[in-house]
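Step one of this worksheet: look at the structure below.
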Amino acid sequence: SDYPLRDVYKRQVPVLTAGGNIRLWAAVDVTLSGVSAGAGSVTVRAVTGSIHDAGATLLDVQAGALRMMAAVGIGAADALDTAVTTLAAVATTGGIRLTDVDALTVDTVAAVSVSRVAVAATVNALADSAATSDVTATTGVIELTTLSGSLLLNDGVNADARAIVTTTGAITLTAAQDIVFAASVV
């Protein structure tokens, strides 16, 4: 499903599928709460702004795979709360902060395809342009936490031997169990 964020998030309405993919795309900011794709994939993009946590009432995202892209930070003011298996995220500035309830793998998340239903009940196929790999912030901190389970750091399809990269910020990794480095952190 492809949702117009101006309508959904002003009302704090959860976005749910029974395992289908979800694609949330905004020209500026995205505020997340109650996005649940089951075993499906979620892509969230804030083209010129940030991806924010709406609060502690609901998990921000539940999905098999989550890919996020933002110009000005992801969970920078308040870490996003998730239950996802695989994560890939890119922020130009502002850093990335995320807390996952289970085990988490940093890796490649494939381009997410959805069916967009228009007001006139027409359906159009819509997809991201490419896969996203790793967790990268050009500037800002990166903080990843698992509350239960391990944190596995893999190199994605970009094959640069890195799982997490920030050029000017600190990297903090916290796991309830192990942190497995199958790729580097720089």
Side-chain angles (χ1 to χ4, degrees), residues 17 19 21-22 24 30 32-46 50-70 73-112 128 130-186:
T17 68
N21 295 335
I22 297 172
L24 304 174
V30 178
L32 296 173
S33 180
V35 176
S36 180
S41 296
V42 173
T43 188
V44 181
R45 178 146 191 212
S50 302
I51 299 173
H52 301 284
D53 178 1
T57 305
L58 300 169
L59 283 172
D60 298 315
V61 179
Q62 293 178 299
L66 172 62
R67 66 189 294 273
M68 296 183 289
M69 293 135 306
I74 298 171
D78 185 13
L80 297 181
D81 303 306
T82 64
V84 300
T85 304
T86 305
L87 170 70
V90 177
T92 305
T93 64
I96 299 169
R97 296 176 57 229
L98 183 137
T99 299
D100 196 87
V101 298
D102 296 312
L104 178 65
T105 299
V106 171
D107 207 333
T108 297
V109 175
V112 175
D128 299 320
T132 301
S133 292
D134 310 332
V135 172
T136 304
T138 305
T139 62
V141 302
I142 295 177
E143 297 176 5
L144 299 179
T145 301
T146 65
L147 300 178
S148 172
S150 298
L151 178 58
L152 173 59
L153 307 174
N154 288 330
D155 181 24
V157 295
N158 61 357
D160 63 359
R162 300 173 181 172
I164 299 177
V165 178
T166 182
T167 54
T168 62
I171 298 171
T172 304
L173 305 174
T174 306
Q177 294 179 8
D178 300 321
I179 300 175
V180 180
F181 291 88
S184 67
V185 172
V186 293

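All heavy atoms count here, side chains included; hydrogens, waters and symmetry mates do not.
Here the OG-CG distance, from Ser133 to Asp155, works out to 7.5 Å after rounding to the nearest 0.5 Å. From Leu152, atom CG reaches atom CG of Leu87 across 12.0 Å, with rounding to the nearest 0.5 Å. Put simply, CG on Leu104 and CG on Leu98 are 6.5 Å apart, with the number rounded to the nearest 0.5 Å. To the nearest 0.5 angstrom, Thr108 atom OG1 is 6.5 Å from Asp134 atom CG. Between the OG1 atom in Thr43 and the CG atom in Leu66 there is a gap of 8.0 Å [rounded to 0.5 Å]. Within the model, atoms OG1 of Thr146 and CD of Gln177 stand 7.5 Å from one another, a figure rounded to the nearest 0.5 Å.
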>> Could you walk me through whether Leu32 and Ile51 satisfy the side-chain contact (heavy atoms from CB on, under 4.5 Å) test, starting with their C-alpha distance in whole Å, then the side-chain angles of each, then the deciding distance to 0.1 Å, before giving a yes or no?
In response: CA-CA 7 Å; Leu32 296 173; Ile51 299 173; 3.5 Å; yes

> Given the rule in the side-chain contact (heavy atoms from CB on, under 4.5 Å) test, do Thr166 and Thr136 qualify, once you have shown the distances and angles that lead to the verdict?
Replying inline: CA-CA 6 Å; Thr166 182; Thr136 304; over 6 Å; no

> Passes side-chain contact (heavy atoms from CB on, under 4.5 Å), Glu143 versus Ile96? Steps please.
Replying inline: CA-CA 6 Å; Glu143 297 176 5; Ile96 299 169; over 6 Å; no

>> What verdict does the side-chain contact (heavy atoms from CB on, under 4.5 Å) test give for Met68 and Leu80, after you've listed the backbone C-alpha separation in whole Å, the side-chain angles of each residue and the deciding distance to 0.1 Å?
In response: CA-CA 11 Å; Met68 296 183 289; Leu80 297 181; 3.6 Å; yes

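What you find for Val106 and Ala163 is that their closest heavy atoms are CG1-O, 3.5 Å. Gly94 and Ala76 get closest at one heavy-atom pair: O-CB, 3.2 Å. Residues Ala131 and Ala110 share a closest heavy-atom pair of CB-CA, 3.9 Å. Taking every heavy atom of both residues into account, Gly40 and Ala63 meet most closely at O-CB, 3.4 Å. Nearest heavy atom pair, residue Ala37 against residue Thr17, reads CA-OG1, 3.3 Å. Between Gly140 and Thr168, the closest heavy-atom pair is N-OG1, 3.5 Å.
A donor-acceptor pair under 3.5 Å is absent between the side-chain atoms of Arg45 and the main chain of Met69, judged by distance alone. Side-chain atoms of Asp60 come within 3.5 Å of backbone atoms of Asp81 as a donor-acceptor pair (strictly under, hydrogens ignored). Although no hydrogens or angles enter the test, the distance criterion places a donor-acceptor pair under 3.5 Å between the side chain of Asp160 and the main chain of Arg162. Using modelled atom types, no side-chain atom of Thr145 and backbone atom of Thr99 make a donor-acceptor pair closer than 3.5 Å.
You'll find the side chain of Thr82 stays beyond 4.5 Å of the side chain of Val101, heavy atoms only. Inter-residue side-chain proximity for Thr174 and Thr172 is flagged as met; some heavy-atom pair is nearer than 4.5 Å. Residues Val185 and Leu153 form a side-chain contact, since some pair of their non-hydrogen atoms from C-beta on lies under 4.5 Å apart. Using a 4.5 Å heavy-atom cutoff, the side chains of Asp100 and Val84 are in contact. The shortest side-chain heavy-atom distance between Leu151 and Val180 does not fall under the 4.5 Å cut-off. Within the 4.5 Å cutoff, the side chain of Val186 has no heavy atoms near those of the Ile171 side chain. Leu144 is listed as a side-chain neighbour of Ile164, based on a closest heavy-atom distance under 4.5 Å. Side-chain contact between Leu24 and Val35 is present, with heavy atoms from C-beta onward closer than 4.5 Å.
Partner Val135 forms a side-chain contact (heavy atoms from CB on, under 4.5 Å) with one of Val165, Ile74, Ile142, Asp107 and no other, that one being Ile142. Test Thr85, Thr86, Val112 against Ser41 for side-chain contact (heavy atoms from CB on, under 4.5 Å) and you get one pass: Val112.
Salt bridge status for Arg67 with Asp128: present, with a side-chain N to carboxylate O gap under 4.0 Å.
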